[in-house]
J.: 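Right, I'll just put the structure down here and ask away after.
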Amino acid sequence: EGMMAIVKGALPRALFGPDGCGRRSGLLEVPARVAQATAPIAFRIEDMLAQLVDAEANPEIGGLRSITLGPAALDTIRLDVAQIPAGGRSAPIQETANSVFAVMQGDGVFHVAGQAMPCRFGDTIAMPSWREFHFEAGETGALLLKVSDRTVMEKLGWYRNGAANR
């Protein structure tokens, strides 16, 4: 990488001379920056599980151990992964963010407005804003991916969490 940095700095100067060298170097970097900004972001499950081992219980996600994924570049969505031990249960969760949950491992039951919704690996559950719910893991526990618009709600000053106020 050090050699590439030298080449990127020296090559435009050698080809175009010292006048406007900085501007030309910047223009040469544009395609790489655009590709980097639009590239998909991948998360390995092994890395997530390792981070969850050290994660603290998060009262905003029902007291479950959870991590937030992704760089700050994800400025309109938030990605969280929550781990629920076998037979474990979250505290009630209620927030102004709309959320979509995907079961990454295991199984369990979402309890929403008195209705039990069993789910297992591969299932997706959409949770509208301010709908109180909790999750109960099955015999093997569960790993849930939560995709929400919380980031947007926070930036607008509209995010509220009912569970945190109990």
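What you see below is based on every heavy atom in this structure, not just the backbone, and it leaves out hydrogens, waters and symmetry mates. Just so you know, residue 1 is the first one in the sequence shown, and it goes up from there.
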J.: Assigning hydrophobic clusters by single linkage (Ile, Leu, Val, Met, Phe, Trp, Tyr; side-chain heavy-atom cutoff under 4.5 Å), is L52 placed with L79?
T.: yes

J.: Within the distance-only criterion (no hydrogens, no angle test), does the side chain of D149 pair as donor or acceptor with the backbone N or O of N98 below 3.5 angstrom?
T.: yes

J.: Is it true that a side-chain atom of R150 and a backbone atom of V147 form a donor plus acceptor pair closer than 3.5 Å?
T.: no

J.: Taking all heavy atoms of P59 and all of A57, pick out the closest pair and write down the distance.
T.: CD-O, 3.6 Å

J.: Can you name the nearest heavy-atom pair linking P128 to A126, along with the distance?
T.: CD-O, 3.7 Å

J.: Side chains of I125 and V100, heavy atoms from C-beta outward: is any pair under 4.5 Å?
T.: no

J.: Quick one: does any side-chain atom of S148 pair with a main-chain N or O of S99 as donor and acceptor, under 3.5 Å?
T.: no

J.: Taking S90 for its side chain and F135 for its backbone only, find out whether a donor-acceptor pair lies under 3.5 Å.
T.: yes

J.: Give me the atom names and distance for the closest heavy-atom approach of F101 to M127.
T.: CE1-CB, 4.1 Å

J.: Main chain of E60, side chain of N161: is a donor-acceptor contact present, judged purely on distance under 3.5 Å?
T.: yes

J.: Pair T68, R78 - check side-chain contact (heavy atoms from CB on, under 4.5 Å), show working.
T.: CA-CA 7 Å; T68 300; R78 179 170 165 149; 3.1 Å; yes

J.: Please walk me through it: do M48 and M104 pass side-chain contact (heavy atoms from CB on, under 4.5 Å)?
T.: CA-CA 11 Å; M48 288 184 271; M104 298 172 64; 3.6 Å; yes

J.: Do any pairs count as a side chain to side chain donor-acceptor pair (under 3.5 Å) and have a residue in residues 42-57, sequence neighbours left out, and if so which ones?
T.: R44-E46

J.: Could you point out which residue of V103, I45, I84 forms a side-chain contact (heavy atoms from CB on, under 4.5 Å) with L143?
T.: I45

J.: If you draw a 6.0 Å radius around CZ in F43, do more than 12 non-hydrogen atoms from other residues or ligands fall strictly inside?
T.: yes

J.: If every non-hydrogen atom of A142 is compared with every non-hydrogen atom of A137, which pair is closest and at what distance?
T.: N-CB, 4.0 Å

J.: Do L69 and L49 belong to the same hydrophobic cluster, where Ile, Leu, Val, Met, Phe, Trp and Tyr are linked whenever their side-chain heavy atoms lie under 4.5 Å apart, directly or via other members?
T.: yes

J.: Only pairs at least two apart or in different chains count here, so list each side chain to side chain donor-acceptor pair (under 3.5 Å) that has a residue in residues 135-146.
T.: E95-K146, H111-E136

J.: What distance separates E154 CD from Y159 OH, expressed to the nearest 0.5 Å?
T.: 7.0 Å

J.: Evaluate the side-chain proximity of F133 to M117: yes if any heavy-atom separation is below 4.5 Å, no if none is.
T.: no

J.: Hey, quick one: are I67 and I77 part of the same hydrophobic cluster, counting side-chain heavy atoms closer than 4.5 Å, chains of contacts allowed?
T.: yes

J.: Could you grab the distance from atom CG of L64 to atom CD1 of I93, nearest 0.5 Å is fine?
T.: 6.0 Å

J.: Taking V112 as the starting point, is it possible to reach I61 by hopping between hydrophobic residues whose side chains are less than 4.5 Å apart?
T.: yes

J.: Does the side-chain hydrogen bond (donor to acceptor under 3.5 Å, both in side chains) test come out yes or no for D80 and S66, once each step is laid out?
T.: CA-CA 7 Å; D80 293 294; S66 68; 5.3 Å; no

J.: Find the distance between CD (Q115) and CZ (F110) and round it off to the nearest 0.5 Å.
T.: 12.5 Å

J.: I'd like to know if the side chain of Q94 reaches the main chain of R131, judged simply by a donor and an acceptor atom lying under 3.5 Å from each other, with no hydrogens or angles considered.
T.: no

